[in-house]
Amino acid sequence: MDTDKVKIFGARVRVEGTSKLAELEKAEKEKMKAKVEKIKAHGINCFVNRQLIYNYPEQLFAEAGIMSIEHADFDGIERLALVTGAEIASTFDHPELVKLGRCDLIEEVIIGEDMLVKFSGCAAGEACTIVLRGATEQLLDEAERSLHDALAVLSQTVVETRTVLGGGCSEMLMSKAVDSVAQNTAGKKAIAVESFAKALRQLPTILADNAGYDSSELVAKLRSAMYSGMSTVGLDLYTPGGAIADMRELGVVSSHNYTLTLMEANRA
């Protein structure tokens, strides 16, 4: 949407006088006006462009009651198209083939010292933007990691509900299964299998240590309960001092993907 390009790719245009230059500029404006007319034919009231929108086309859009937004970043425009139900168009010759996006409100908001364009009530209805602010880059990086972890948990526990029992229950169950394999494994391989079973028991140990409880005592009790046939027990770290409880009753779950990785390592 640039109307001021007298020089294109380093080329020079020679004219005999200022009148010829005015004719050249007029031709450029007419060409830009024709492009704006094609955009207007789509029946839109907001036009988002990845690059600059110069004064003349912006004026034409304003006269037609069309909001124009320039310099939208490439990743942002793809997400915007996804949530508004729009289709990114590079040409405007066939308005009937272009899918338009919709939202309820477009407004400018100020966050800190930055002016942002906010799209509300998008057609998808399931999209939002989370803005993180902090005093230092290290603080922002940590906040972003924490937010990513929280979203990952939500995707596994709410969206697709791919979970297993937590509190060290799943790892202890796998450790029990690996121990049984070690008993039937001959030679030095049995040592490696036993070591993997011991590694699986490290997760409930770490959970107890992080809570400030006696991990040796709690993990020993958990292992004893598991070998007694209580396959749904785990560490209840909400109880002072820690305890062994039924994870299904407490609603303590863990991500399926993490446990699946351990099970694949077990089979290997």
Side-chain angles (χ1 to χ4, degrees), residues 126-128 130-132 134 136-268:
E126 299 176 353
C128 67
I130 300 175
V131 180
L132 300 178
T136 63
E137 289 187 8
Q138 291 80 4
L139 185 63
L140 281 175
D141 290 341
E142 187 62 31
E144 184 178 359
R145 282 192 292 270
S146 298
L147 178 63
H148 178 272
D149 292 343
L151 293 176
V153 170
L154 282 176
S155 68
Q156 296 297 316
T157 59
V158 178
V159 179
E160 299 183 11
T161 320
R162 296 188 298 176
T163 59
V164 293
L165 295 179
C169 173
S170 301
E171 290 75 21
M172 192 59 75
L173 269 176
M174 287 187 287
S175 175
K176 178 183 176 182
V178 175
D179 268 335
S180 65
V181 173
Q183 295 174 5
N184 299 319
T185 302
K188 294 182 179 180
K189 289 184 179 181
I191 300 176
V193 178
E194 290 175 354
S195 297
F196 185 71
K198 182 179 179 181
L200 288 170
R201 290 194 293 272
Q202 286 301 304
L203 191 131
T205 302
I206 294 171
L207 289 176
D209 287 339
N210 288 344
Y213 299 145
D214 186 350
S215 59
S216 299
E217 178 73 15
L218 289 175
V219 173
K221 288 182 178 179
L222 177 60
R223 187 180 184 185
S224 175
M226 193 69 66
Y227 275 79
S228 299
M230 303 169 65
S231 59
T232 60
V233 294
L235 299 181
D236 178 11
L237 302 179
Y238 290 102
T239 301
I244 307 302
D246 192 316
M247 296 293 99
R248 195 182 302 279
E249 292 180 359
L250 294 179
V252 179
V253 295
S254 179
S255 170
H256 168 270
N257 283 344
Y258 168 72
T259 307
L260 182 63
T261 302
L262 292 178
M263 292 176 66
E264 289 174 349
N266 178 17
R267 286 197 296 269

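Predicted, not measured: the structure shown is a model, and the values here were computed from it. In what follows, every heavy atom counts, from backbone to side chain, and hydrogens, waters and symmetry copies are set aside.
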S.K.: What residues, two or more places apart in sequence or in another chain, satisfy side-chain hydrogen bond (donor to acceptor under 3.5 Å, both in side chains) together with Thr232?
M.R.: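 Result, side-chain hydrogen bond (donor to acceptor under 3.5 Å, both in side chains) vs Thr232: Asp246.
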S.K.: Could you list the residues that satisfy side-chain hydrogen bond (donor to acceptor under 3.5 Å, both in side chains) with Glu217, not counting sequence neighbours?
M.R.: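 Expected list: none.
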S.K.: For residues 231-242, which residue pairs qualify under salt bridge (Lys or Arg N to Asp or Glu O under 4.0 Å), counting only residues two or more places apart or in two chains?
M.R.: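 Residue pairs passing salt bridge (Lys or Arg N to Asp or Glu O under 4.0 Å), neighbours aside: none found.
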S.K.: Which atom names give the shortest non-hydrogen contact between Leu203 and Gly168, and what distance separates them?
M.R.: CD2-CA, 4.2 Å
S.K.: Provide the closest heavy-atom pair for Thr185 versus Ala190 in the form atom of the first, atom of the second, distance.
M.R.: O-CB, 3.4 Å
S.K.: May I have the step-by-step check of side-chain contact (heavy atoms from CB on, under 4.5 Å) for Val253 and Val164, ending in yes or no?
M.R.: CA-CA 5 Å; Val253 295; Val164 293; over 6 Å; no
S.K.: Give every residue pair that meets the salt bridge (Lys or Arg N to Asp or Glu O under 4.0 Å) criterion with at least one member in residues 137-146, sequence neighbours excluded.
M.R.: Glu142-Arg145
S.K.: Can you name the nearest heavy-atom pair linking Gly134 to Leu139, along with the distance?
M.R.: CA-CD2, 4.1 Å
S.K.: Hey, does Leu173 have a side-chain heavy atom less than 4.5 Å from the side chain of Ser231?
M.R.: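 Yes, close enough: below the 4.5 Å cut-off.
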S.K.: Taking C-beta and beyond as the side chain, do Met172 and Arg201 meet within less than 4.5 Å on heavy atoms?
M.R.: yes
S.K.: With sequence neighbours left out, write down each residue that passes side-chain contact (heavy atoms from CB on, under 4.5 Å) with Ala143, or none if nothing qualifies.
M.R.: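 So Ala143 forms a side-chain contact (heavy atoms from CB on, under 4.5 Å) with Leu132.
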S.K.: So, for Gly167 and Leu207, which heavy atoms are closest and what is the spacing to 0.1 Å?
M.R.: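 In this case the closest contact between Gly167 and Leu207 is C-CD1, 3.9 Å.
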S.K.: Test: side-chain hydrogen bond (donor to acceptor under 3.5 Å, both in side chains). Region: residues 220-229. Which pairs qualify, not counting sequence neighbours?
M.R.: Asp179-Arg223, Asp179-Tyr227
S.K.: Run the side-chain hydrogen bond (donor to acceptor under 3.5 Å, both in side chains) test against Asp209 and tell me which residues pass, sequence neighbours left out.
M.R.: Ser215
S.K.: Tell me, please, which residues at least two apart from Glu194 pass salt bridge (charged side-chain N to carboxylate O under 4.0 Å, His left out).
M.R.: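 For Glu194, no residue satisfies salt bridge (charged side-chain N to carboxylate O under 4.0 Å, His left out) once neighbours in sequence are set aside.
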S.K.: For a quick test of reading the model, state the closest non-hydrogen atom pair linking Ser175 to Ala197 and the distance between them.
M.R.: OG-O, 3.0 Å
S.K.: Roughly how far, to the nearest 0.5 Å, is the CG atom of Leu250 from the CG atom of Leu237?
M.R.: 10.5 Å
S.K.: Val233: what forms a side-chain contact (heavy atoms from CB on, under 4.5 Å) with it, not counting sequence neighbours?
M.R.: Leu222, Ala225, Met226, Met230, Ile244
S.K.: Nearest heavy-atom pair of Leu218 and Tyr213: which atoms, and what distance?
M.R.: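 Looking at all heavy atoms of both residues, the closest pair is CD1-CB, 3.7 Å.
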